[in-house]
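Model, not experiment: these values are computed from the prediction.
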Amino acid sequence: MAKRTLFLLVLGLFFLCPCLSVTGQDAAFGNIDHEGDLSERMLPLDRLIDLALEHSPALEYHNALILKSGYQVELAKRMWQNNIFGFANYSTGDQRIITAGTGIPGDLTTTNIATGYRAGLQLNIPLFEFTSRRTRINLHEAEKNAARHRKGEERLDIVREVIEEYYTIIGAFENMKTRAEGMEAMRMYYLVAEQEFSEGIIPISELSQVKNALSQSEVYYQDARQAFFGKITSFAALLGVHVSEIMKQE
């Protein structure tokens, strides 16, 4: 009995080696193994949400829209300046005084010296500028407020997505851990079955059934592992960081 126990222990360690190597590969993704609670090794959910908000291209896009709307408001407030015209000219002559008029009774005549500089400012403001200015400003301010509200909606969508993906990852990890435990249990069961077959206690057909069950458990584990690492890698991409950066540093 003692020899059989020692034999099973040695074989058990032999079959556990592949699992330990997988754990080493998992550590490359940020000290992730099959033991304990994943939520205790990840950053707090609030910090993960902050990372997503800090690295969100969508929020940067909405910030740009808000900034653009602010510039449009300022432009609408200064549009009246578009009706101000300045002019300057220089003329040469013989210092004679030039008088001009239309000849219409009551019309004023203008008198200028032929030589010298002339500069002036002309202001032509249409009535539409007075009647529509406030409306144009309100229009752009409404667009700016709409951009702010849309940014708030986008921010809420990001928070919801991070929370949903966070708990999906926790569930995927628990599923992988359960599959790993089931696979190890089947490996130990196969060791016992193999020993019983060598002693003539069970036939080859029963040993084959146990072997098939072990192979199936390994397939289930690999599927669960692939799903977990796919989800956590996608989650890190959502946050804009590497997988190792969402784990607590030891």
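- A heavy-atom distance below 4.5 Å is found between the side chains of Leu53 and Arg155.
- Remark: Ile246 CD1 to Thr233 OG1 distance equals 8.5 Å, nearest 0.5 Å.
- In this structure, Ile204 and Phe197 have side chains that are in contact, with non-hydrogen atoms separated by less than 4.5 Å.
- Rounding to the nearest 0.5 Å places NZ of Lys248 at 7.0 Å from CD of Glu40.
- Both Leu51 and Val159 sit in one connected hydrophobic cluster of ILVMFWY residues. Membership requires side-chain heavy atoms under 4.5 Å apart, directly or through other members.
- The distance from atom CD1 of Ile163 to atom CD1 of Ile49, rounded to the nearest 0.5 Å, is 4.5 Å.
- One hydrophobic cluster, built from ILVMFWY side chains closer than 4.5 Å, cannot hold both Leu139 and Leu75; they sit in different ones.
- Atom CD of Glu245 is surrounded by more than 12 heavy atoms from other residues, nucleotides or ligands within 6.0 Å.
- Within the 3.5 Å criterion, the main-chain N or O of Glu174 finds a donor-acceptor partner in the side chain of Thr178.
- Between Glu181 and Lys177, no side-chain nitrogen of the basic residue sits less than 4.0 Å from a carboxylate oxygen of the acidic one, so the salt-bridge criterion is not met.
- What you find for Ile137 and Ala76 is that their closest heavy atoms are CG1-CB, 3.9 Å.
- A continuous path of ILVMFWY side-chain contacts below 4.5 Å connects Phe228 to Met247, so both sit in one hydrophobic cluster.
- The distance from atom CG of Leu59 to atom CD of Glu154, rounded to the nearest 0.5 Å, is 6.0 Å.
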What's the verdict on side-chain contact (heavy atoms from CB on, under 4.5 Å) for Phe229 and Ile232, showing C-alpha distance, side-chain angles and the deciding distance?
CA-CA 5 Å; Phe229 281 105; Ile232 197 171; 4.2 Å; yes
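- For the atom pair CG of Asn63 and CZ of Arg148, the computed distance is 11.0 Å after rounding to the nearest 0.5 Å.
- Contact check on Lys144 versus Glu141 returns no salt bridge, with no Lys/Arg side-chain nitrogen under 4.0 Å from an Asp/Glu carboxylate oxygen.
- The same ILVMFWY cluster, assembled from side-chain heavy atoms under 4.5 Å apart, contains both Met42 and Ile158.
- Contacts of Glu218 classified as side-chain hydrogen bond (donor to acceptor under 3.5 Å, both in side chains), with partners at least two apart in sequence or in another chain: none.
- The shortest side-chain heavy-atom distance between Phe235 and Val243 does not fall under the 4.5 Å cut-off.
- In this structure, Ser217 and Met186 approach most closely via the heavy-atom pair OG-CB, 3.8 Å.
- Considering all non-hydrogen atoms of both residues, Ala52 and Val162 come closest at CB-CG2, 3.5 Å.
- Pairs engaging residues 156-168 under the side chain to side chain donor-acceptor pair (under 3.5 Å) rule: none recorded [sequence neighbours left out].
- Ser234 places no side-chain N or O within 3.5 Å of a backbone atom of Lys231 that could act as its donor or acceptor partner.
- In the hydrophobic clustering of ILVMFWY residues, with side-chain heavy atoms under 4.5 Å counting as a link, Tyr220 and Leu214 come out apart.
- A distance of 12.5 Å separates CD1 in Ile201 from CG in Leu207, rounded to the nearest 0.5 Å.
- Taking the charged nitrogens against the carboxylate oxygens, Glu153 and Arg150 do have a contact shorter than 4.0 Å, which makes a salt bridge.
- Among pairs with a residue in residues 42-66, those fulfilling salt bridge (charged side-chain N to carboxylate O under 4.0 Å, His left out) read Arg47-Glu54, at least two apart in sequence or across chains.
- In this structure, the side chains of Lys77 and Glu74 come closer than 4.5 Å at one or more pairs of heavy atoms.
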